[in-house]
Every structure is written in C-alpha cells, then in structure tokens.
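Shown next, in structure tokens, is the structure this report addresses.
The structure displayed is predicted, hence computed values, not measured ones.
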Amino acid sequence: MKIIDSNGVEIATPDLTKGSLKQETQTIHHDAVAGVEEVSHYETETLPDGTPAIYYDADGREKGRDVRKVVDVPGVEAQEAYDEEVEVQRYVLYTAEELAEQEKARKEAEEKAQLPTAEERLAALEAAMLDLLAAQ
C-alpha cells in the first residue's frame, strides 16, 4: 500500500511524530485505448560470414530462405475506459495545537512514571504505621 501526502505525492518514510496516516480510497481513471494491428515484415537472415541465408537445390533453383519477422509497429489490444479504486494511506501533518497536546500528554506520562507505585506507597505506609506503633 502506498503512502501519499496531502498533494497526492508518494512518500517513502513519513515522520509519524509530526503527522498521522489515514486510510483512504483513491480513484484512478484509465483512458480508453484504441486498438492497433501489428505491422511487420520479414527479412532474410544472414549467415555468420554475412551472406544471405538462401538455400539452392542441385539445379540452382532457390529452395528456401531463413527469415525472421521484424515488428515495425507493435499491436495493441483495444480497451475501454475504466476507473480503478486503490487503497492508500494519506499522511496528514499535525496542527500546532495537536503537537502541543501531545507534548503535554508526554510530560504528564513522564511525571506519572516518576510517582511511586502502589506497592511502594503501601510499603511506605506500613513502615510509617510500624514506626507509630513502636513509638507508643
């Protein structure tokens, strides 16, 4: 699946820290193609010494030739116009507000990661409680 930017230009490696990918369907139009018949002719092959590959019988009459087909205009099959739908991912840049929100959420996550865990808090409470009971 290809990734395109907002202008429809293909992107190899988008920076996902600055934007996101959205699933889309892109319609590609193919024009009709007129059919063309092949135009060709035959040429006499040449032997390694450069002479034409023509064979004669014992009486000197031409018996045959080695020939090859040379295509002057290749044939093309006629095809009607059609539309094709292709799944793509569109790279959409984040707005300044979205980037600010992400930075705020990242900082909050870092602060939360620095807070003591429930086990650490429980151990601290138990230690404080034991200290209070020992002081009585």
Checklist entry - Between Thr46 and Thr51, is a side chain to side chain contact (heavy atoms under 4.5 Å, CB included) present by the stated rule, with each step listed? => result CA-CA 5 Å; Thr46 55; Thr51 59; over 6 Å; no

Note, [X] side chain near [Y] side chain (heavy atom, < 4.5 Å):
X: Gln23; Y: Glu87; value: yes
X: Ser40; Y: Val70; value: no
X: Val33; Y: Val76; value: yes
X: His30; Y: Asp83; value: no
X: Met1; Y: Gln89; value: yes
X: Val73; Y: Val36; value: yes

Distance in Å, [X] [atom1] paired with [Y] [atom2], rounded so as to fall on 0.5 Å steps:
X: Glu126; Y: Arg121; atom1: CD; atom2: CZ; result: 13.0 Å
X: Gln79; Y: Asp31; atom1: CD; atom2: CG; result: 10.5 Å
X: Ile54; Y: Arg65; atom1: CD1; atom2: CZ; result: 3.5 Å
X: Ser20; Y: Leu93; atom1: OG; atom2: CG; result: 9.0 Å
X: His41; Y: Asp72; atom1: NE2; atom2: CG; result: 5.0 Å

If only atom types and distance count, is the side chain of [X] paired as donor or acceptor with the main-chain N or O of [Y] below 3.5 Å?
X: Asp59; Y: Arg61; answer: no
X: Tyr91; Y: Asp15; answer: yes
X: Arg90; Y: Asp5; answer: yes
X: Glu98; Y: Thr95; answer: yes
X: Asn7; Y: Val9; answer: no

Next on the checklist: What verdict does the salt bridge (Lys or Arg N to Asp or Glu O under 4.0 Å) test give for Lys107 and Glu111, after you've listed the backbone C-alpha separation in whole Å, the side-chain angles of each residue and the deciding distance to 0.1 Å?
Outcome noted: CA-CA 6 Å; Lys107 286 182 180 178; Glu111 290 173 2; over 6 Å; no

Given the rule that I, L, V, M, F, W and Y join up when any side-chain heavy atoms are under 4.5 Å apart, are [X] and [Y] in one cluster?
X: Tyr94; Y: Leu16; result: no
X: Val88; Y: Ile11; result: no
X: Val92; Y: Ile3; result: no

Of the non-hydrogen atoms in [X] and [Y], which two are nearest, and what is the gap between them?
X: Gln102; Y: Thr17; result: OE1-O, 4.1 Å
X: Val67; Y: Glu45; result: C-CG, 4.0 Å
X: Leu47; Y: Ala53; result: CD2-CB, 3.9 Å
X: Val86; Y: Ile28; result: CG2-CD1, 3.7 Å

Checklist entry - Counting only heavy atoms not in Glu103, do more than 12 sit closer than 6.0 Å to its CD atom? => result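 Yes, CD of Glu103 has more than 12 neighbouring heavy atoms, counting only those of other groups under 6.0 Å.
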
Checklist entry - Just wondering, more than 12 heavy atoms not from Glu110 lying within 6.0 Å of its CD? => result yes

Item to check | Step-by-step salt bridge (Lys or Arg N to Asp or Glu O under 4.0 Å) determination, Lys69 to Glu38 | outcome: CA-CA 12 Å; Lys69 183 178 182 179; Glu38 179 179 88; 2.9 Å; yes

